[in-house]
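Both backbone and side-chain heavy atoms feed into the values below; hydrogens, waters and symmetry mates do not. Each chain gets a letter, A, B and so on, in the order the sequences are listed, and its residues count up from 1.
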2 protein chains.
Amino acid sequence: MKSAAASRPMGFLIGDLARLMRRRFERRLAGSDTGLTVSEARTLAMVEHYSGWRQTALADRMGIEPMTLSGFLDRLEAAGLVVRKPDPNDRRAKLITLAPAAAPVLERIHEEMVAIRLEALEGFSEEDADRLYALLQRMHGNLCCCGPEELS
Amino acid sequence: MKSAAASRPMGFLIGDLARLMRRRFERRLAGSDTGLTVSEARTLAMVEHYSGWRQTALADRMGIEPMTLSGFLDRLEAAGLVVRKPDPNDRRAKLITLAPAAAPVLERIHEEMVAIRLEALEGFSEEDADRLYALLQRMHGNLCCCGPEELS
DNA sequence: CCATATAATCAGATTTCCTTACTATCTGCC
DNA sequence: GGCAGATAGTAAGGAAATCTGATTATATGG
């Protein structure tokens, strides 16, 4: 009946994991001289994947408020890593794309992400890793409550 | 390793989940009139489970710096929910225990945690939930072995 | 052509952490 | 005993990631 989860509630366990991974990512970013914070790096990676989207859509995708994203984009734009260009169909909106200078930084970010993933999943079989990933995504679908999970 | 994880890196997925769960917990705490933040609630729950521990040990267990814990305990103590009493064996140390007033607050916290867990794991079989929990704990074990100062 | 909704942003605040430095105390060694 | 060095807690200060509410420009439907 009572599952093992009682001993360390799921939410706290996930929070702990997030803190641990964030900490490692922070150190790695600091050491790799990108000058980015974790959230800026995440934003940059999202822009890479969802290039040309407008800020509202991107913020929604990232699960944060538009204003929060705006701040991250300010700094990325100032660093010459992304470009905000006006949407020709809607003069209120801006479309976010990568600047050329983003390429090497993204490469660095991807390397660090892979390294952390390897540390986190050390000793996991490919099967276990996939299973974990699938379960986490199901959980995400349960919580993000805004429409069905699409893939890309 | 070319698994599905490439599409949304594990670290970001876990970070997203942590943000989603934290947000729900925040709303619930605000609505349930405990006057606590998420981390204060977590600290209180830890004190319940590890009653009589000294602060350093508790902080280590929680994966945060002693100074960070100290602040949370300050507020919990001011709210009359925990007690710091001197360790009879070591006058530098203080042992943290629950104050009587903590009982109803903890009951409230447990209710909210259960509710969020149900939301997050909706549609999960007991088996899936246990499997997820076990995988997350293995991952935690992989990551938690080094303190924040010893990463490189 | 106006009312309302939407896109981005300004201003300000909160929360959760960290680092560095300091005091009091303990412990082991001469 | 008494000092050297470790350890427990904390004061001070700050960085990062988020939020909310107000503001401005623009779009869109009736």
Expressed as a whole number of angstroms, how long is the span from B:Trp53:CH2 to D:dG9:C1'? 18 Å
Of the candidates D:dC19, D:dT26, C:dT16, the side chain of A:Met67 sits closest to D:dC19
Base, sugar-phosphate, or nothing for B:Ser70, non-hydrogen atoms under 4.0 angstrom? sugar-phosphate
Please give, in whole Å, the distance from D:dC19 P to A:Asp60 CG? 12 Å
Check every atom of C:dT16, C:dC17, D:dT18 against the side chain of B:Thr37 and return the nucleotide holding the closest atom. C:dT16
DNA chain D: B:Pro66 or A:Glu40, which has the more 5' nearest nucleotide? B:Pro66
For a quick test of reading the model, state the closest non-hydrogen atom pair linking A:Arg42 to A:Ile64 and the distance between them. NH2-CG2, 3.9 Å
Protein-nucleotide distance (A:Glu65, atom CD; C:dT6, atom P), rounded to Å: 14 Å
In whole angstrom, what separates B:Ile64's CD1 from D:dA15's P? 21 Å
Most 5' of A:Glu26 and A:Asn89 on DNA chain D, judged by nearest nucleotide: A:Glu26
Which part of the nucleic acid, if any, lies within reach of B:Thr68 when heavy atoms closer than 4.0 Å are counted: base, sugar-phosphate only, or nothing? base
Think A:Arg54 has a side-chain N or O under 4.0 angstrom from the OP1 or OP2 of C:dA8? no
In terms of side-chain geometry, is the basic nitrogen of A:Lys94 or A:Glu77 positioned less than 4.0 Å from the acidic oxygen of its partner? no
Please examine the side chains of A:Leu81 and A:Val47, heavy atoms only from C-beta on, and report whether any two atoms are closer than 4.5 Å. no
May I have the distance from B:Leu20 (atom CG) to D:dA17 (atom P), rounded to whole angstrom? 17 Å
In terms of side-chain heavy atoms of B:Arg92, which of D:dA6, C:dT16, D:dT18 is nearest? D:dA6
Interatomic distance where CG belongs to B:Leu58 and C1' belongs to D:dA8 [whole Å]: 13 Å
Do the charged groups of A:Asp74 and A:Arg84 touch, with an N to O distance under 4.0 Å? yes
So, OP1 or OP2 of C:dT9: does either fall under 4.0 Å of a side-chain N or O from A:Gln55? yes
Rounded to the nearest Å, what distance is computed from the CZ atom of residue A:Phe25 to the C1' atom of nucleotide C:dC17? 18 Å
Salt bridge flag under 4.0 Å for residues A:Asp16 and B:Arg61: no
Would you classify A:Arg22 as touching base, sugar-phosphate or nothing, given that sugar-phosphate means primed atoms plus P, OP1 and OP2, and contacts are heavy atoms under 4.0 Å? sugar-phosphate
Reading DNA chain C from 5' onward, which residue's closest nucleotide shows up sooner: A:Arg19 or A:Lys94? A:Lys94
Counting side-chain heavy atoms from C-beta on, which of D:dA17, C:dT25, C:dT16 comes nearest to B:Asp90? C:dT25
Nearest-Å distance for atom pair CZ/P, residues A:Phe72 and D:dA15: 16 Å
Quick check for you: among D:dT18, C:dT25, D:dT26, whose closest atom lies nearest to any side-chain atom of B:Arg91? C:dT25
Is it true that B:Glu111 and B:Arg108 have a side-chain N and a carboxylate O under 4.0 angstrom from each other? yes
B:Thr56 side chain N/O closer than 4.0 Å to the phosphate oxygens (OP1, OP2) of D:dT7? no
